[in-house]
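As a basis for the values below, the full set of heavy atoms in this structure was taken, side chains included, without hydrogen atoms, waters or symmetry mates. Proteins get letters first, then strands, A, B, ... in listed order; numbering begins at 1 in each.
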Amino acid sequence: MSVKIYNTLTRKKETFQPLETGHIKLYVCGITSYDYCHIGHARSALAFDMIVRYFRYLDYKVTYIRNFTDIDDKIIKRAAEQNTTTEELANRFIDEFYVDMDKLGVDRPTMEPKATEHIQEMIDLIGELIDKDMAYPANGDVYYRVGSFAGYGKLSGRKLEDMQAGARIQINENKDDPMDFVLWKASKPGEPSWESPWGDGRPGWHIECSAMSRKYLGDTFDIHGGGQDLIFPHHENELAQSEAANNKPYVNMWIHHGFVTIRDEKMSKSLGNFLTIRDILAHYHPEVLRFFIFSTQYRNPLDFSEAAMQNAMTGLDRLYECLASVDKLSGDGSPDTKQIASAKDITKLTSMEERFQKAMNNDFNTALAQGILFESAKAINKIIRQLDKQPSQKDVDLLKDGATTIVKLASVMGILQEKAHDYLAAKKTAMLNQIEISEEEILQLIKERNQARDEKNWARSDAIRDQLLSHNIELKDSSAGTGWTIKKD
RNA sequence: GGCGGCGUAGCCAAGCGGCUAAGGCACUGGUCUGCAAAACCAUGAUUCAGCGGUUCAAAUCCGCUCGCCGCCUCCA
């Protein structure tokens, strides 16, 4: 089985084959750090976290580089507004980024280079481009000569003429051609700057990724990723710079994920319709956000809403409830009892991993993968419900193996990673804090109600249940006793 | 204006030429229960925005129309 990935460059799903057998080299554009991260950033981090986890699950070695842009116009502007340095501001929000990532359980990439720590590599790269006449200095700036690179536009599928026709490009008299883009910017007084052969200045945005990816992954590497909004101009320009400098293909496979939208509009800082990661985590368990994000295939738009988050939470709870009920199975089964699981349910469970891989191999179809988890949980619930007091060894093994496999597969998406009991208990505690009744009171009332039930005093029993219901507490009677949960709206 | 994507049950969402169109949420009926809840079982699209075409066969390929979204400027 091989992994198929949609490649932006060819606009097709292709069978993925790393350049070096068993070792995947991946570069992803990280954040520009000048503010808190929003859910769109979370989707990016989580999408590639999932992709890397899946490759590692398949036993690939993955070298994963994700950069920080810690110098650019917006950082300079924001630092000036806040009366601080670009360095302090950028580092502060890198720290905040890690706070969010750690809460979300995002694995750290292999390396996270910062732009400001690779100025020399960028100057070297720009120098090579000038030597090849692919770039030219002008009044302290350096520009890339777009017209000299034959492949310009191949990633974003644009023709140079079309771009010029509808272009909204600022007039800049330093440029030979309006489409040329900046590699090095002369600094204005007071701005952070670095020495260069062309005078004091700072790098343009696109050159940093070309320089850092080359340093850590080489001239040509397997996968380059980012959001769909980076295709043009950022990735188009990176490709132009790197291929012109190295005379080699830059990247084999380009992966671009879709946006998070709100009311079907792109969430972005410029539109102001964004929610930060910490806004969400204040109200939802991190796994709920992960579950929500993976409920749609990574390339499709994902519309954020409270209803969608509630939906995700209900689904996640259901899976945890299933795992918890398997955990409750005590001891070993009996070798003498007959197995009651149906052939169909046995197949559902034993084929789970194979079906999961098939889904994931098809361009990381996490939506389908979640469906497979639900089908498996359903089969488990069904078997448990039919179980005798002395369950058969075969059934117990099937259930425990099924639950173990669910947890293992879910780990690719970073969900179901808590002990089911702990997750459900923590949830209960969190919910208790929102209502005006203590657990002791609840348990006392349940005790009273069970006494009433023993006396068949149904009026009293129902009154207590209604009383608890007025506090949003729902009761669950079972042979094992009476449990309770917080009612969903 | 140029380029790209999407339109599948009440909502979310798989499916990418051929098994009864996954799965989740919601709804309804049943089993269970003193009654409930949870769980389980069952039910829901003769049909995939519309219209044509290709094919023995199309939600899936092609064309046109309608609607929505994104990129073309910093943006995950």
**Q** For A:Tyr98, is the NZ or CZ atom of A:Arg108 found under 6.0 angstrom from the centre of its six-membered ring and inside 45 degrees of the ring axis?
**A** yes

**Q** Sticking with atom C1', work out how far B:rA38 lies from B:rG30, rounded to a whole angstrom.
**A** 16 Å

**Q** Please report the C-alpha distance between A:Tyr64 and A:Tyr27 in whole Å, then the side-chain angles of each, then the deciding distance to 0.1 Å, and finally whether the ring pair (Phe, Tyr, Trp, His ring centres under 6.0 Å) criterion is met.
**A** CA-CA 6 Å; A:Tyr64 173 25; A:Tyr27 186 95; 9.2 Å; no

**Q** Start at the 5' end of RNA chain B and walk down; is the nucleotide closest to A:Lys382 or to A:Ser156 reached first?
**A** A:Ser156

**Q** When you compare B:rA42 with B:rU54, how far apart are their P atoms, in angstrom units rounded to a whole number?
**A** 42 Å

**Q** Does any N or O donor sit under 3.5 Å from an N or O acceptor when you compare the side chain of A:Thr261 with the base of B:rG70?
**A** no

**Q** What's the CG-P distance between A:Leu319 and B:rA39, to the nearest Å?
**A** 11 Å

**Q** Between atom OG of A:Ser44 and atom CG of A:Leu230, what is the distance when rounded to the nearest 0.5 Å?
**A** 8.0 Å

**Q** In whole Å, what is the span from the CG atom of A:Leu230 to the C1' atom of B:rU73?
**A** 13 Å

**Q** What's the gap between B:rA57 and B:rG50 when it is taken at their C1' atoms, as a whole Å value?
**A** 22 Å

**Q** Just call it for A:Arg355: base, sugar-phosphate, or nothing, with non-hydrogen atoms closer than 4.0 Å on any strand.
**A** nothing

**Q** Classify the nucleic acid contact of A:Ser461 as base, sugar-phosphate or nothing, counting any heavy atom under 4.0 Å across all strands shown.
**A** base

**Q** If I take atom CG in residue A:Asp264 and atom P in nucleotide B:rG67, what distance separates them, rounded to the nearest angstrom?
**A** 17 Å

**Q** For the C1' atoms, the ones on B:rC16 and on B:rC6, what distance do you get once it is rounded to whole angstrom?
**A** 15 Å

**Q** Would you check if there is a donor-acceptor pair between the side chains of A:Gln370 and A:Ser295 at a distance under 3.5 Å?
**A** no

**Q** Ignoring the backbone of A:Asp462, work out which of B:rC35, B:rA39, B:rG70 is nearest its side chain.
**A** B:rC35

**Q** A:Phe232 has an atom CZ; how far is it from atom P of B:rU73, in whole Å?
**A** 6 Å

**Q** Looking at B:rC35, B:rG23, B:rG70, which one has an atom nearest to any side-chain atom of A:Phe259?
**A** B:rG70

**Q** ring-ring contact (aromatic ring centres under 6.0 Å, His included) with A:Phe364: which of A:Phe16, A:Phe55, A:Phe356?
**A** A:Phe55

**Q** Check whether the side chain of A:Arg385 and the base of B:rC32 form a donor-acceptor pair under 3.5 Å.
**A** no

**Q** Can you tell me, in whole Å, how much space there is between the C1' of B:rG24 and that of B:rG63?
**A** 36 Å

**Q** So what does A:Val260 touch, heavy atoms closer than 4.0 Å: a base, only the sugar-phosphate, or nothing?
**A** base

**Q** Less than 4.5 Å apart, any side-chain heavy atom of A:His235 and any of A:His224?
**A** yes

**Q** Run the side chain to side chain contact (heavy atoms under 4.5 Å, CB included) test against A:Phe374 and tell me which residues pass, sequence neighbours left out.
**A** A:Phe291, A:Arg318, A:Leu319

**Q** Would you kindly check whether a donor in the side chain of A:Arg453 faces an acceptor in the base of B:rU33, or vice versa, at under 3.5 angstrom?
**A** no

**Q** A:Arg318 has a side chain; which of B:rC71, B:rA22, B:rG24 sits nearest to it?
**A** B:rG24

**Q** With C1' as the reference atom in both, quote the distance from B:rC40 to B:rU33 in angstrom, rounded to an integer.
**A** 14 Å

**Q** Under 6.0 Å from the six-membered ring centre of A:Tyr6 and within 45° of its axis: does the NZ or CZ of A:Lys13 meet both?
**A** no

**Q** For the pair made of CG in A:Leu424 and P in B:rA39, what is the distance, rounded to whole Å?
**A** 12 Å

**Q** Using the ring-ring contact (aromatic ring centres under 6.0 Å, His included) definition, which of the options A:Tyr34, A:Phe68, A:Tyr36 pairs with A:Phe93?
**A** A:Tyr36

**Q** Could you give the distance separating B:rC69 and B:rU28 at their C1' atoms, to the nearest angstrom?
**A** 35 Å

**Q** Atom NZ of A:Lys456 and atom P of B:rG34: how far apart are they, to the nearest Å?
**A** 7 Å

**Q** Under 4.0 angstrom, heavy atoms only, what part of the nucleic acid is A:His257 near: base, sugar-phosphate, or nothing?
**A** base

**Q** From B:rA76, B:rA37, B:rA36, pick the nucleotide closest to the side chain of A:Arg465?
**A** B:rA36

**Q** Side chains of A:Ile280 and A:Phe304: does their closest heavy-atom pair fall under 4.5 Å?
**A** yes

**Q** So what does A:Lys476 touch, heavy atoms closer than 4.0 Å: a base, only the sugar-phosphate, or nothing?
**A** base

**Q** With a 4.0 Å cut-off on N to O distance, would you call A:Glu96 and A:Arg278 a salt bridge?
**A** yes

**Q** Measuring only the C1' atom in each nucleotide, how far is B:rA76 from B:rG23? A whole number of Å is fine.
**A** 28 Å

**Q** Among B:rC74, B:rA39, B:rG23, find the nucleotide with the atom closest to the side chain of A:Pro233.
**A** B:rC74

**Q** Determine the contact category for A:Gln228: base if any of its heavy atoms lies under 4.0 Å from a base atom, sugar-phosphate if only primed atoms, P, OP1 or OP2 are that close, otherwise nothing.
**A** nothing

**Q** Measure from the side-chain heavy atoms of A:Glu474 and tell me the nearest of B:rA37, B:rC40, B:rG34.
**A** B:rA37

**Q** A:Asp303 has an atom CG; how far is it from atom C1' of B:rG70, in whole Å?
**A** 14 Å

**Q** Give me the one residue out of A:Tyr144, A:Phe149, A:Tyr152 that meets side chain to side chain contact (heavy atoms under 4.5 Å, CB included) with A:Asn237.
**A** A:Tyr152

**Q** If you look at every strand shown and take non-hydrogen atoms under 4.0 Å, does A:Gly40 touch a base, only sugar-phosphate, or nothing?
**A** base

**Q** Would you call A:Ile65 and A:Ser213 a side-chain contact if the rule is heavy atoms closer than 4.5 Å?
**A** no

**Q** Do any N or O atoms of the protein come closer than 3.5 Å to N or O atoms of nucleotides 14-20 of chain B, and which pairs are they?
**A**
residue : atom : partner  : partner atom : Å
B:rA14  : OP1  : A:Gln297 : N            : 3.0
B:rA14  : OP1  : A:Asn300 : OD1          : 3.1
B:rA14  : O3'  : A:Asn365 : ND2          : 2.6
B:rG15  : OP1  : A:Asn365 : ND2          : 2.6

**Q** Have a look at A:His256 and say if it touches a base, only the backbone sugar-phosphate, or nothing, with a 4.0 Å heavy-atom cut-off.
**A** nothing

**Q** Heavy atoms only, 4.0 Å cut-off, all strands: where does A:Arg11 land among base, sugar-phosphate and nothing?
**A** nothing

**Q** With a 4.0 Å cutoff (strictly under), does any side-chain N or O of A:Lys266 reach OP1 or OP2 of B:rC71?
**A** yes

**Q** Under the criterion of centre distance below 5.5 Å and interplanar angle below 30°, is A:Trp458 classified as stacked on the base of B:rG34?
**A** yes

**Q** How would you label the contact of A:Asn311 with the nucleic acid (heavy atoms, under 4.0 Å): base, sugar-phosphate, or nothing?
**A** base

**Q** Taking atom types as they are modelled, would you say the side chain of A:Asp477 forms a donor-acceptor pair with the base of B:rC35 within the 3.5 Å cutoff?
**A** yes

**Q** What integer distance in Å separates A:Leu468:CG from B:rA37:C1'?
**A** 13 Å

**Q** Reading 5' to 3' and counting Watson-Crick or G-U wobble pairs with both distances under 3.5 Å, write the dot-bracket notation for RNA chain B, | for bases paired outside the strand.
**A** ((((((((.[[[..)..(....]]]..((((.......))))......[[[[[..)....]]]]])))))))....

**Q** Using a cut-off of 4.0 Å on non-hydrogen atoms, how would the nucleic acid contact of A:Ile231 be classed: base, sugar-phosphate, or nothing?
**A** nothing

